[in-house]
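Reviewing the structure listed below.
Atoms considered below: every heavy atom in the structure, side chains included; atoms not considered: hydrogens, waters and symmetry mates. Predicted, not measured: the structure shown is a model, and the values here were computed from it.
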Amino acid sequence: GAEAGALVRASREGLGERVQALLADGSDPEESDRSTGETALTAAAGGVVGTSLERGARRILCVRSLVQAGASADRLDDCGRTPLTAAAAAGRSACVKVLLDLGADADLQGTDGATALGIAVEQGHTSCARLLVHRGASVEATWGGDKRTPLIAAASAGHEACVRLLLSGGARASRKDSLGRTACDHAAAASHAVCESLLELTTAPQAVSRLAAAAAASPSFRSEDMPPPLAAGMKQLDLDNNGRGAGCPLGGDSPGALP
């Protein structure tokens with residue numbers, strides 16, 4: 001048989017054909033590396049960041065081959081990571097997809113309490129987060145000593161696309177952490193103006209005006225990425241400013257009109 005640790009090393013490097021050969025030679029698909037704490041599957045899902053697209057395709061082969069050979073898609077490694085949280089942390093959306101296709105639990109928490117979605121939005125991996133949200137991952141799961149939500153994590157880090165994704169997926173901006181702080185509070189404290197405008201629970205016209213100002217200060221901001229009610233409000237604001245329209249499509253001056 002192969003030497004101890006060979007399967008984990010091949011998985012970490014994304015060597016799909018080598019992984020298949022080792023499994024055919026009798027390597028245990030649940031093999032783990034005592035020095036790093038990785039299982040073969042978390043090594044394959046997370047692995048070496050920055051490899052080529054060709055190696056990425058081979059990495060997917062690693063993940064699929066390990067699960068088909070008997071590796072559990074939900075087993076935590078000795079570092080407390082699930083295969084999905086390892087893939088999300090590395091920003092490997094293709095691995096996230098194949099793990100979900102193979103039955104991985106989208107809401108399974110690592111030993112730190114974080115889900116794959118929480119990790120993805122905290123690090124700004126929008127493609128991974130989008131897959132998880134579309135597959136039904138909870139947008140309200142909490143973790144950490146402060147009981148943060150994915151929305152709080154995304155807002156704290158200033159990841160605008162993730163904030164928009166979570167809001168469109170039903171995340172509540174009114175949720176608070178254990179210290180009573182909302183996602184908007186975290187965004188404001190970190191001077192993330194666009195996130196703050198997306199999240200602020202205030203009258204609709206005021207929020208649209210603030211969002212317009214924040215968008216002007218953000219070169220990467222695209223109005224089409226906003227939740228539809230806010231995009232409509234921005235358009236109406238332009239009409240109002242040019243004297244061609246009146247009112248606000250977001251619900252007038254009633255508080256809490258935003259998602």
Side-chain angles (χ1 to χ4, degrees), residues 1-112 114-138 141 150 162:
E3 63 178 296
L7 183 63
V8 174
R9 289 193 296 274
S11 299
R12 187 185 303 125
E13 293 292 331
L15 304 178
E17 293 83 358
R18 174 65 173 157
V19 165
Q20 288 185 316
L22 288 167
L23 290 169
D25 196 35
S27 289
D28 181 1
E30 295 278 28
E31 179 180 278
S32 62
D33 185 328
R34 292 183 180 179
S35 64
T36 64
E38 299 165 292
T39 63
L41 190 53
T42 57
V48 179
V49 178
T51 51
S52 67
L53 287 174
E54 180 184 3
R55 182 68 59 83
R58 293 177 181 175
R59 186 173 297 282
I60 295 169
L61 178 61
C62 291
V63 171
R64 192 177 297 279
S65 297
L66 287 164
V67 174
Q68 290 175 343
S72 169
D74 288 332
R75 178 189 168 190
L76 275 65
D77 66 14
D78 292 340
C79 296
R81 299 170 298 189
T82 73
L84 263 182
T85 61
R92 297 192 181 282
S93 58
C95 288
V96 168
K97 182 181 184 302
V98 73
L99 284 165
L100 291 170
D101 289 344
L102 291 167
D105 182 351
D107 288 328
L108 185 64
Q109 298 170 305
T111 53
D112 62 355
T115 63
L117 178 60
I119 290 173
V121 299
E122 189 169 51
Q123 298 192 20
H125 297 315
T126 311
S127 295
C128 293
R130 184 176 295 109
L131 277 167
L132 289 158
V133 170
H134 289 174
R135 295 295 187 94
S138 172
C162 290

For this session: Write out all pairs satisfying salt bridge (Lys or Arg N to Asp or Glu O under 4.0 Å) with one or both partners inside residues 74-86, taking only residues at least two apart or from two chains.
Result: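 Residue pairs passing salt bridge (Lys or Arg N to Asp or Glu O under 4.0 Å), neighbours aside: Glu30-Arg75, Asp77-Arg81.
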
Exercise. Thr85 side chain to Thr82 main-chain N or O, any donor-acceptor pair under 3.5 Å?
Worked result: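 The answer is yes, because a donor-acceptor pair under 3.5 Å joins these two groups.
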
Problem set entry | Gly46 backbone acceptor or donor facing Arg92 side chain under 3.5 Å |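 Side chain of Arg92 to backbone of Gly46: a pair is present.
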
Exercise. What pairs with Asp33 under salt bridge (Lys or Arg N to Asp or Glu O under 4.0 Å), at least two apart in sequence or on another chain?
Worked result: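 In terms of salt bridge (Lys or Arg N to Asp or Glu O under 4.0 Å), with neighbours along the sequence ignored, Asp33 is linked to Arg12.
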
For this session: Apply salt bridge (Lys or Arg N to Asp or Glu O under 4.0 Å) to Glu31 and list each qualifying residue two or more places apart in sequence or on a separate chain.
Result: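 For Glu31, no residue satisfies salt bridge (Lys or Arg N to Asp or Glu O under 4.0 Å) once neighbours in sequence are set aside.
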
Problem set entry | Glu38/Arg9 under salt bridge (charged side-chain N to carboxylate O under 4.0 Å, His left out): CA gap, chis, key distance, verdict | CA-CA 10 Å; Glu38 299 165 292; Arg9 289 193 296 274; over 6 Å; no

Nearest heavy atoms of [X] and [Y], plus distance in Å:
| X | Y | answer |
| --- | --- | --- |
| Cys62 | Ala10 | SG-O, 4.5 Å |
| Leu76 | Thr39 | O-CG2, 4.5 Å |
| Thr36 | Cys79 | O-SG, 3.1 Å |
| Ala86 | Thr42 | CB-O, 3.8 Å |

For this session: Check the pair Val133 / Leu117 against side-chain contact (heavy atoms from CB on, under 4.5 Å), numbers first and verdict last.
Result: CA-CA 8 Å; Val133 170; Leu117 178 60; 3.9 Å; yes

Cut-off 3.5 Å, no hydrogens considered: what does the side-chain donor-acceptor table look like for residues 95-102, sequence neighbours left out?
from: Lys97; atom 1: NZ; to: Asp101; atom 2: OD2; distance (Å): 2.9
from: Asp101; atom 1: OD1; to: Arg135; atom 2: NH1; distance (Å): 3.3
from: Asp101; atom 1: OD1; to: Arg135; atom 2: NH2; distance (Å): 2.6

Problem set entry | Contacts of Ala40 that satisfy side-chain contact (heavy atoms from CB on, under 4.5 Å) - sequence neighbours left out |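 By the side-chain contact (heavy atoms from CB on, under 4.5 Å) rule, Ala40 matches Leu7, Val8, Ser11, Leu66.
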
Problem set entry | Set of side-chain contact (heavy atoms from CB on, under 4.5 Å) partners for Ala69, sequence neighbours left out |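 Partners of Ala69 by the side-chain contact (heavy atoms from CB on, under 4.5 Å) criterion, ordered by chain and then number, come out as Leu23, Pro29.
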
Could you give the distance from [atom1] ([X]) to [atom2] ([Y]), rounded to the nearest 0.5 Å?
| X | Y | atom1 | atom2 | result |
| --- | --- | --- | --- | --- |
| Cys162 | Gln123 | SG | CD | 10.5 Å |
| Ser65 | Arg58 | OG | CZ | 13.0 Å |
| Glu3 | Ser27 | CD | OG | 10.0 Å |

Problem set entry | side chain to side chain donor-acceptor pair (under 3.5 Å) contacts in which one or both residues fall within residues 102-111, not counting sequence neighbours |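 Listed once each, the pairs would be none.
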
Exercise. Can you find a heavy atom in the side chain of Leu61 that is under 4.5 Å from one in the side chain of Val19?
Worked result: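 No. Closest side-chain heavy atoms not under 4.5 Å.
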
